[in-house]
A.B. asks: 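Input: one structure, supplied below.
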Number of protein chains: 2
Amino acid sequence: MDIETATRQLRAIGHDTRLQLYRLLVRAGPGGLPVGEVQARLGLPGSTLSHHLRRLVDTGLVRQDRHGTSLICTAVYPAMQGLVDYLAGECCADAPDAETATAPPERAG
Amino acid sequence: MDIETATRQLRAIGHDTRLQLYRLLVRAGPGGLPVGEVQARLGLPGSTLSHHLRRLVDTGLVRQDRHGTSLICTAVYPAMQGLVDYLAGECCADAPDAETATAPPERAG
DNA sequence: GCGCTATTTCCATGGATATCGAAACAGCTA
DNA sequence: TAGCTGTTTCGATATCCATGGAAATAGCGC
């Protein structure tokens with residue numbers, strides 16, 4: 001997990017509609033949901049939804065698989081897990097001794 | 001932690017410069033760093049840095065305290081902890097049974 | 001191939017963000 | 001008060017982002 005990937009994923013879910021969308025897919029479970037179903041539940045125009053979905057897919061947080069004419073959207077759990085792990089490990093250590101314990105030596109300075 | 005706060009915080013760190021900035025403050029520990037020191041380390045113009053810092057302070061991820069003429073910036077650990085907790089709990093449960101545990105009845109089917 | 005449903009791309013528009021120089025402001029010291 | 005250092009606000013510009021209607025594409029069944 002590099003910092004660039006992290007920021008892109010963070011920005012992807014840093015939007016009300018997209019976070020709701022992602023939550024919906026997470027709760028739908030491994031079976032996922034077709035785009036049309038998501039559209040019906042969130043009440044969004046197709047083009048807008050497609051735009052947001054693309055963003056999530058693009059950053060690896062969501063996967064899409066064809067199933068007939070429908071496109072099934074599924075939350076990619078490991079991706080979010082990796083992001084949470086990154087935040088907790090790299091950024092969220094609640095003590096400065098993390099520098100000597102888990103954090104790599106400061107490269108920037 | 002409501003979804004609106006979550007998205008705002010996510011968007012705040014969903015930016016390369018701001019995530020680097022936040023990491024820097026986390027690694028600096030509870031003692032924090034003055035703005036000038038951060039500016040020197042990241043090599044940013046003061047106005048740009050101030051803009052980003054304001055964003056982080058505004059969302060509660062960073063705190064600022066006067067110390068003479070310097071302004072000490074400190075990472076607010078509980079804020080990030082809350083965000084990580086929210087992501088892990090609300091969004092990152094790898095099973096649909098989260099619906100029966102915490103989810104509202106949006107289970108239209 | 002034709003028609004049907006599901007989904008995306010195209011295009012335009014309005015709004016938010018990022019950037020940074022210049023000037024203003026805050027607090028200390030003499 | 002004058003002057004110094006540290007930090008923010010002002011102002012302007014370029015860029016990215018969000019939104020959604022209309023047209024195009026993808027796959028299925030006949």
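In this text the structure is predicted, and so the values were computed from the model without any measurement.
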A.B. asks: Using a heavy-atom cut-off of 4.0 Å across all strands, would you classify B:G46 as base, sugar-phosphate, or nothing?
C.D. replies: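 Counting heavy atoms under 4.0 Å across all strands, the contact made by B:G46 includes a base.
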
A.B. asks: Who are the side-chain hydrogen bond (donor to acceptor under 3.5 Å, both in side chains) partners of B:T69, not counting sequence neighbours?
C.D. replies: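 None.
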
A.B. asks: Could I get a table of every N or O pair under 3.5 Å where one atom is in the protein and the other is in nucleotides 15-18 of chain C?
C.D. replies:
from: C:dA18; atom 1: OP1; to: B:R18; atom 2: NH1; distance (Å): 3.3
from: C:dA18; atom 1: OP1; to: B:R18; atom 2: NH2; distance (Å): 3.2
from: C:dA18; atom 1: OP2; to: B:R18; atom 2: NH1; distance (Å): 3.2
from: C:dA18; atom 1: OP2; to: B:H51; atom 2: NE2; distance (Å): 3.4
from: C:dA18; atom 1: OP2; to: B:R55; atom 2: NH1; distance (Å): 2.9

A.B. asks: Any donor-acceptor pair under 3.5 Å linking the side chain of A:R18 with the backbone of A:I13?
C.D. replies: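 No: the side chain of A:R18 does not pair with the backbone of A:I13.
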
A.B. asks: Taking only N and O in the side chain of B:R54, is any of them less than 4.0 Å away from OP1 or OP2 of D:dT9?
C.D. replies: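 So the side-chain polar atoms of B:R54 do come within 4.0 Å of the phosphate oxygens OP1 or OP2 of D:dT9, strictly under.
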
A.B. asks: Answer yes or no: is there a donor N or O on one side and an acceptor on the other, between the side chain of A:T59 and the main chain of A:R55, under 3.5 Å?
C.D. replies: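 Checking the backbone N and O of A:R55 against the side chain of A:T59, a donor-acceptor pair under 3.5 Å is found.
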
A.B. asks: Quick check for you: among D:dG20, C:dT7, C:dC20, whose closest atom lies nearest to any side-chain atom of A:V35?
C.D. replies: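 Among D:dG20, C:dT7, C:dC20, the one nearest the side chain of A:V35 is C:dT7.
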
A.B. asks: Tell me which nucleotide among C:dG21, D:dT7, C:dT9 gets nearest to the side chain of A:S47.
C.D. replies: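 For the A:S47 side chain, the nearest candidate turns out to be C:dT9.
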
A.B. asks: Quick one: what's the B/S/- string for nucleotides 23-30 of chain D, heavy-atom cutoff under 4.0 Å, read 5' to 3'?
C.D. replies: ---SBS--

A.B. asks: Side-chain heavy atoms nearer than 4.5 Å, only ILVMFWY residues, links allowed to pass through others: does that put B:L21 and B:Y77 together?
C.D. replies: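 Linked, B:L21 and B:Y77 end up in one cluster.
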
A.B. asks: Mark yes or no for whether B:R66, through its side chain, and B:L71, through its backbone, hold a donor-acceptor pair below 3.5 Å.
C.D. replies: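 No, B:R66 side chain to B:L71 backbone: no donor-acceptor pair under 3.5 Å.
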
A.B. asks: Can you say whether a donor on the side chain of B:S70 sits under 3.5 Å from an acceptor on the base of D:dG6, or the other way round?
C.D. replies: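 Flag unset: no donor-acceptor pair detected.
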
A.B. asks: Considering residues at least two apart in sequence or located in another chain, which fulfil the ring pair (Phe, Tyr, Trp, His ring centres under 6.0 Å) criterion with B:H51?
C.D. replies: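 By the ring pair (Phe, Tyr, Trp, His ring centres under 6.0 Å) rule, B:H51 matches no residue at all.
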
A.B. asks: Under 4.5 Å between side-chain heavy atoms, counting indirect links through other Ile/Leu/Val/Met/Phe/Trp/Tyr residues: same cluster for B:L24 and B:V76 or not?
C.D. replies: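 Different clusters: B:L24 never reaches B:V76 through Ile, Leu, Val, Met, Phe, Trp or Tyr contacts under 4.5 Å.
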
A.B. asks: Identify, with sequence neighbours excluded, every residue that meets side-chain contact (heavy atoms from CB on, under 4.5 Å) alongside B:D16.
C.D. replies: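 Result, side-chain contact (heavy atoms from CB on, under 4.5 Å) vs B:D16: A:E4, A:T7.
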
A.B. asks: Which part of the nucleic acid does B:Q64 contact within heavy-atom distance under 4.0 Å: base, sugar-phosphate only, or nothing?
C.D. replies: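 Sugar-phosphate only.
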
A.B. asks: Looking only at side-chain atoms of A:T17, point me to the closest of D:dT19, C:dC20, C:dT7.
C.D. replies: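 Selected nucleotide: D:dT19.
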
A.B. asks: Rounded to the nearest Å, what distance is computed from the CD1 atom of residue B:I72 to the P atom of nucleotide D:dT8?
C.D. replies: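 About 12 Å, once rounded to whole Å.
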
A.B. asks: Please state how far atom CG in A:L49 lies from atom P in D:dG21, giving the value in whole angstrom units.
C.D. replies: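 After rounding, the gap between these two atoms is 14 Å.
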
A.B. asks: Could you list the residues that satisfy side-chain hydrogen bond (donor to acceptor under 3.5 Å, both in side chains) with B:Q64, not counting sequence neighbours?
C.D. replies: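 Partners of B:Q64 by the side-chain hydrogen bond (donor to acceptor under 3.5 Å, both in side chains) criterion come out as none, since no residue qualifies.
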
A.B. asks: Output the rounded distance in Å from CG (B:D16) to P (D:dC16).
C.D. replies: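 The answer, rounded to whole Å, is 13 Å.
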
A.B. asks: Within this structure, what is the CD1-to-P distance between A:I13 and D:dA18, rounded to whole angstrom?
C.D. replies: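 Computing the A:I13:CD1 to D:dA18:P distance gives 14 Å.
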
A.B. asks: Rounded to whole Å, how long is the line connecting atom CG of B:L33 with atom C1' of D:dT7?
C.D. replies: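 Roughly 15 Å, once rounded to whole Å.
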
A.B. asks: Give the rounded distance in Å between these two atoms: CD of A:Q39 and C1' of D:dG21.
C.D. replies: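 Nearest whole value for this atom pair: 13 Å.
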
A.B. asks: Could you state the CG-P distance from A:D58 to D:dC16, rounded to the nearest angstrom?
C.D. replies: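 It works out to 15 Å between those atoms.
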
